[in-house]
Amino acid sequence: MTLASCGSPGSAPATGSPAGTATATATTSADATATATETTPTTAAPATGTAAPPAEGWKTFTARDGSLAFDYPADWTIKDPAGQTPQGGGVFVEVSKPDGKSMATLRTNMVTGAECTKKTPYGVLDSQPLPALAQNGQTPRFTFESRTDPDVADPMKSSVFAYGITAAPEPTGPTACPIAHFFGWPPSGAMFGGAYNPFDTSPGNEPHVDTPEAYKETTEYKNVRQMITSLRPASK
């Protein structure tokens with residue numbers, strides 16, 4: 001299963017290792033760990049049609065290798081590369097707001113996988129399938145979700161809130177595996193997402209946004225959602 005992971009309010013979102021291997025700890029405790037193990041290559045579906053121009057006040061970013069493209073607010077910035085890319089190539093970019101706040105990271109050519117060592121209560125706040133990114137009959141989805149570890153007393157560390165693209169099915173039942181925001185993309189896997197921290201009081205944040213439900217109504221969330229869900233093959 002090709003999956004991905006983002007960090008908690010107490011830890012930065014996972015971005016994988018310089019070699020392109022995702023060894024993520026997207027958890028509410030040290031016992032639930034997502035570890036890279038899968039290496040099955042994926043094959044891109046043929047692209048058809050032409051992408052519509054971005055909305056007014058938005059720009060389009062196209063990866064240097066010509067693999068993927070997405071739209072983003074014109075006043076946001078893109079760091080490319082944001083770090084060491086994997087041997088053999090790949091994309092590694094970080095998108096930030098004008099105040100420097102990191103909103104999402106896109107990486108490709110990652111060896112991804114997940115090991116579910118502990119399940120915790122969860123919440124799914126948003127979910128949307130992304131057929132433009134379908135691979136081998138599997139359609140990933142954008143999601144904004146949470147995990148809460150009842151064994152952690154500190155409220156700043158007990159919950160994880162993250163948004164991104166995942167190939168994992170939507171959880172069912174009372175508990176779920178750690179958040180894993182990876183999806184299949186040639187030659188192996190990719191990630192595009194970030195984290196929400198309800199305790200973040202950085203200057204420039206919208207006031208009184210201390211719950212994920214309130215965050216969903218902010219311009220920031222609507223923009224990052226629109227950006228991530230616009231990800232597509234560059235030829236589309």
Side-chain angles (χ1 to χ4, degrees), residues 1-43 83-88 90-92 104-125 127 129-130 133-152 154 157-197 228:
M1 173 167 64
T2 347
L3 305 175
S5 172
C6 289
S8 69
S11 62
T15 57
S17 70
T21 301
T23 304
T25 306
T27 70
T28 53
S29 80
D31 295 326
T33 306
T35 306
T37 55
E38 185 172 330
T39 58
T40 305
T42 57
T43 305
Q84 184 180 348
T85 55
Q87 187 175 12
V91 178
F92 186 1
T105 300
L106 169 65
R107 297 198 65 177
T108 66
N109 197 13
M110 302 181 71
V111 180
T112 62
E115 180 180 342
C116 184
T117 58
K118 181 178 181 179
K119 291 188 174 184
T120 56
Y122 69 93
V124 177
L125 298 123
S127 185
L130 302 175
L133 300 175
Q135 299 289 304
N136 302 325
Q138 184 179 51
T139 299
R141 60 188 174 89
F142 168 83
T143 184
F144 178 30
E145 57 187 330
S146 67
R147 299 291 187 272
T148 300
D149 191 335
D151 297 330
V152 177
D154 187 343
K157 298 179 180 179
S158 62
S159 294
V160 176
F161 302 92
Y163 49 80
I165 300 174
T166 181
E170 193 166 311
T172 58
T175 59
C177 293
I179 292 175
H181 290 171
F182 294 121
F183 61 100
W185 192 256
S188 51
M191 64 175 291
F192 192 21
Y196 160 64
N197 180 359
I228 292 174

task: State, to 0.1 Å, how close T175 and K119 come at their nearest heavy-atom pair, and which atoms those are.
output: OG1-CB, 3.6 Å

task: Evaluate the side chain to side chain donor-acceptor pair (under 3.5 Å) criterion for residues S159 and T148: first the C-alpha distance (whole Å), next the side-chain angles of each, then the deciding distance (0.1 Å), finally the verdict.
output: CA-CA 4 Å; S159 294; T148 300; 3.1 Å; yes

field: Exercise: identify the closest heavy-atom pair between D149 and D151
entry: OD1-N, 2.9 Å

statement: P171 and Y122 have their tightest heavy-atom pair at O-OH, 3.3 Å

message: Going by side chain to side chain donor-acceptor pair (under 3.5 Å), name the residues that satisfy it together with T139, two or more places apart in sequence or in a different chain.
response: none

- request: Report the distance from atom CD of Q84 to atom CZ of F92, rounding to the nearest 0.5 Å.
  value: 9.5 Å

statement: The side chain to side chain contact (heavy atoms under 4.5 Å, CB included) partners of S146 (sequence neighbours excluded) come to F161

- prompt: What is the minimum heavy-atom distance between A167 and Q138, and which atoms define it?
  reply: O-NE2, 3.5 Å

message: Using side chain to side chain donor-acceptor pair (under 3.5 Å), reason through S127 and R141 one step at a time and then give a plain yes or no.
response: CA-CA 7 Å; S127 185; R141 60 188 174 89; 3.3 Å; yes

message: What I'd like to find out is whether the side chain of E115 reaches to under 4.5 Å of the side chain of T117, using heavy atoms alone.
response: yes

message: Would you compute the distance between atom CZ of F144 and atom CD1 of I179 and round it to the nearest 0.5 angstrom?
response: 9.0 Å

message: Looking at every non-hydrogen atom in both residues, tell me the closest pair between F183 and P140 and how far apart they are.
response: CB-CB, 3.9 Å

statement: Only residue of L106, L130, T143 satisfying side-chain contact (heavy atoms from CB on, under 4.5 Å) with I165 is L130

query: Which heavy-atom pair separates Y196 from Y163 by the least distance, and what is that distance?
result: N-CE2, 4.2 Å

- prompt: Considering residues at least two apart in sequence or located in another chain, which fulfil the side chain to side chain donor-acceptor pair (under 3.5 Å) criterion with D154?
  reply: none

query: Got P178 and C116 here, is their nearest side-chain heavy-atom distance under 4.5 Å?
result: yes

statement: Rounding to 0.5 Å, atoms OG1 (T166) and CD (E145) come to a distance of 6.5 Å

OG1 on T108 to CE on M191, rounded to 0.5 Å: 11.5 Å

- prompt: From C177 SG over to R147 CZ, what is the distance, rounded to the nearest 0.5 angstrom?
  reply: 8.0 Å

